[in-house]
Enquirer: 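Please see the structure below; I have some questions.
Lettering of chains follows the sequences in order, A, B, ..., and the numbering in each one begins at 1.
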4 protein chains.
Amino acid sequence: MPTAVGRFRPPAVREIALRGTRRRYDPERRTRILRAALDVVAEHGVAGTTHRRVAATADVPLGSMTYHFTGMDEVLTEAFGLLADRVATRFTERLAAAANPDEACEAVVDLIVDESWATPRNMLLSYELYAFAVRNPPLRRVMQDWMEKSRAALRQHFAPDTAKVLDAMIEGLSIHRSVDVEPMSRAEVRSVVERLVH
Amino acid sequence: MPTAVGRFRPPAVREIALRGTRRRYDPERRTRILRAALDVVAEHGVAGTTHRRVAATADVPLGSMTYHFTGMDEVLTEAFGLLADRVATRFTERLAAAANPDEACEAVVDLIVDESWATPRNMLLSYELYAFAVRNPPLRRVMQDWMEKSRAALRQHFAPDTAKVLDAMIEGLSIHRSVDVEPMSRAEVRSVVERLVH
Amino acid sequence: MPTAVGRFRPPAVREIALRGTRRRYDPERRTRILRAALDVVAEHGVAGTTHRRVAATADVPLGSMTYHFTGMDEVLTEAFGLLADRVATRFTERLAAAANPDEACEAVVDLIVDESWATPRNMLLSYELYAFAVRNPPLRRVMQDWMEKSRAALRQHFAPDTAKVLDAMIEGLSIHRSVDVEPMSRAEVRSVVERLVH
Amino acid sequence: MPTAVGRFRPPAVREIALRGTRRRYDPERRTRILRAALDVVAEHGVAGTTHRRVAATADVPLGSMTYHFTGMDEVLTEAFGLLADRVATRFTERLAAAANPDEACEAVVDLIVDESWATPRNMLLSYELYAFAVRNPPLRRVMQDWMEKSRAALRQHFAPDTAKVLDAMIEGLSIHRSVDVEPMSRAEVRSVVERLVH
DNA sequence: GATGAATGAGGGTTCATTCAT
DNA sequence: GATGAATGAACCCTCATTCAT
């Protein structure tokens, strides 16, 4: 006997008995989705980031995506916010560990040369963020906050103007190192940093 | 037996038209498609760049897309190549116009501060390119060539090491200027350039 | 670790709210839901009548819908029953107010011409009911009862056969009046009624 | 090697070799979809009429639906237009067959009593149309044209005013016959028609 | 050579319904 | 008893791509 409001039918009586772990009442779900979204962006780019892929990566049902977020833009916006927080925190910690100006310079060199901050993954995610932010005003704010946190970290050791310049230099050198077939040596980078500091 | 309502109408999706003015034997078609692709990327991002939109923007039939290109990746790869050529050429011309080291410094400052090279559109397209290139090896080559052309242009006036550093600085400052709520003044930029040059 | 952008927000779908004013022990809830269902049908059609919309309109929690009713079919069936009751009652009252055959004819004309019974809303709901009833046997009974009540009201003043014919005429003229660009005048309707009565 | 624009992948290389009959270049497709849509509406109601069900009934791929029509509203609008044409044509033909006023009356009675015009299917589709038309202005026009055609057919034998009344009576009696547990006899209907005609 | 009608996979989203609380 | 967070099936629609012309 067909129902008149026929578009949706009740889900087939549970036959498979809780696939995987039943995960009702999962307070960390939102955050897990955001982390998964960053993984998907890293692997497929914003262009290839779909609700389905993120849901699969986060191991949540597809319906959870639009239940917790209004759309993919919201997911990406919050995910990039999470990224900025995490990276800025690590950036700040590395600089806080420096005890004097010389160690501070060394820390800056590390941030450029080591793959602790400028990992391929982080670089890639940054590019995706920059491109995405142009079309998503809320993310411009995320980028500004991120930049300000970096500068604040640098101001622990350097004058404000120098901090701004160093921050830009870190950006430029990190990007070019990731492209260059013969990346600059550690010594060269150290020399550049010193020219900017003094 | 036609209905009173609809008769036949062309499919809803088609809006490109062009009907009438057939455009067979159109040697510029490939290039026109590439230019259109850049426009679409600038407006919708790589994520929103589809065959349909590019075809509509280039005013070519949809079938032309897969006739001239194997797929969107090929379109984007060639389009970004075109972008790199155009921008690198303008970059080189600006520096070639400088007659002495001081004018060269001024040219570098211009490239950062003026909106001649670092236009919002170019910045955006760069971000899209960087993100896209991570997943498309052919484009890494495009980026490397672009970087090498920029450095070569700078080597007209500066030592090779300095050229590399200046190029990275231009990159970093351009990006940060596009994000910063209070961008660095021209004088500050000039001062940074001089610190790197001497 | 909360992101800078989003913290936690309630799921996007919820807008009903009501928060605060808990409404436990609400004996009128069923009826309120049914009235809301009619409003939703009037606005969106049976096709667009969903649990969510009805719950929102009735200002009850979504869970209330499936708690009080087995499904949308039950909601609609009872809601249309309520409609039939209300409309048949008004119909009966209007006829009961007539004191003699002539006034009875006038009452019939009123029911067709005035927008007291054949309001756009009621006409619309009737169409939805008719369509729905074809596929829902319980509602055929509702329609039959409704028709019988109308005929009984007419039998107060007219012979049984005439009552049946008048009832059908009211139906037909009401529908055509709602479609016609130049609806029949009151005088014409009166003339039709008289031809059927005598 | 993942593609950057990853949302859509090419259809799997044809493995099943033209399922059913390959049906490219199918000029009757639109009409076939419309006929199928009426079948689906008759079976599931407008509420249960989905692209999928119509496509399956018409034996066309799902993508054909939105290729040929902008959406379900357009499908329904044209389908109901087709219905109106077909039914009005049959109505007209039946009346055209009458040679004199008496035969014309008999034809009217037939249209009400026989299941030639007022078939359950046609009645149901009419209800769905009426309900749908309230929310779709283009269909009001379809209904008006339909009504006008019916009246024109009746004017072949009756005065304009009488034609209008008869048309409404046909409507009302048809509906009530489809609801009534003891439908009016042929003789009663004949008597009603004569009262309206003279 | 070039086109565009047609395809069907995959997209985002909405929904009735369940079930731990 | 009553709720609402969570589910996943089904929805409509867009897309890159194919292939008869």
Enquirer: Report the residue (B:Arg53 or A:Pro61) whose heavy-atom-nearest nucleotide on DNA chain F is the more 5′ of the two.
Expert: A:Pro61

Enquirer: Side chain of C:His51 only, please: which of F:dA2, F:dA16, E:dA16 is the nearest?
Expert: E:dA16

Enquirer: Mind checking which stems touch DNA chain E? I mean at least 3 consecutive Watson-Crick or G-U pairs, both distances under 3.5 Å.
Expert: E:2-21 with F:2-21

Enquirer: When you compare the side chain of B:Leu124 with that of B:Glu128, does any pair of heavy atoms fall below 4.5 Å?
Expert: yes

Enquirer: With nearest nucleotide decided by heavy atoms, which residue, C:Met65 or A:Leu62, maps closer to the 5′ end of DNA chain E?
Expert: A:Leu62

Enquirer: Of all the choices, F:dA6, E:dT3, E:dA6, which nucleotide is nearest to the side chain of D:Arg29 once you look at every atom?
Expert: E:dA6

Enquirer: Indicate whether OP1 or OP2 belonging to E:dA5 is found under 4.0 Å from a side-chain N or O atom of D:Tyr67.
Expert: yes

Enquirer: Rounded to the Å, how far apart are B:Phe69 CZ and E:dT3 P?
Expert: 13 Å

Enquirer: Working to the nearest 0.5 Å, report the span between CZ of A:Phe80 and CG of A:Leu125.
Expert: 6.5 Å

Enquirer: B:Thr50 has a side chain; which of F:dC15, F:dT3, F:dT7 sits nearest to it?
Expert: F:dC15

Enquirer: Could you say whether B:Gly71 or A:Gly63 is positioned toward the 5' end of DNA chain F, judged by the nucleotide with the nearest heavy atom to each?
Expert: A:Gly63

Enquirer: Rounded to the nearest Å, what distance is computed from the CD1 atom of residue D:Ile33 to the P atom of nucleotide E:dA5?
Expert: 14 Å

Enquirer: Could you tell me how far apart D:Arg32 (CZ) and E:dA6 (P) are, to the nearest whole angstrom?
Expert: 11 Å

Enquirer: At less than 4.0 Å, is any side-chain N or O atom of C:Ser64 found next to OP1 or OP2 of F:dA2? Yes or no.
Expert: no

Enquirer: Can you run down the salt bridge (charged side-chain N to carboxylate O under 4.0 Å, His left out) pairs that involve residues 41-51 of chain C, sequence neighbours left out, and say none if there aren't any?
Expert: none

Enquirer: Quick one: C:His44 NE2 to E:dT14 P, roughly how many Å, whole number?
Expert: 13 Å

Enquirer: Go through the N and O atoms of the side chain of C:Arg52 and the base of E:dA16, and report whether any donor-acceptor pair is under 3.5 Å.
Expert: yes

Enquirer: Is any side-chain N or O of D:His68 closer than 4.0 Å to OP1 or OP2 of E:dA6?
Expert: yes

Enquirer: Is there side-chain contact between A:Phe69 and A:Leu34, with heavy atoms separated by less than 4.5 Å?
Expert: yes

Enquirer: Please check if atom CZ in A:Arg135 has more than 12 non-hydrogen atoms from other residues, nucleotides or ligands closer than 6.0 Å.
Expert: yes

Enquirer: Among E:dG12, F:dA5, F:dC13, find the nucleotide with the atom closest to the side chain of A:Met72.
Expert: E:dG12

Enquirer: Less than 4.5 Å apart, any side-chain heavy atom of B:Leu129 and any of A:Tyr127?
Expert: no

Enquirer: Just to be sure I understand the rule, does C:Thr66 reach a base, reach only the sugar-phosphate, or reach nothing, if contact means heavy atoms closer than 4.0 Å?
Expert: base

Enquirer: Residues in side chain to side chain donor-acceptor pair (under 3.5 Å) with D:Arg140, at least two apart?
Expert: none

Enquirer: What distance separates A:Tyr67 OH from A:Arg30 CZ, expressed to the nearest 0.5 Å?
Expert: 11.0 Å

Enquirer: CG of B:Leu76 versus C1' of F:dA16: gap in Å, rounded?
Expert: 13 Å

Enquirer: Rounded off to whole Å, could you give me the CG-to-C1' distance for the C:Asp59 and F:dT3 pair?
Expert: 14 Å

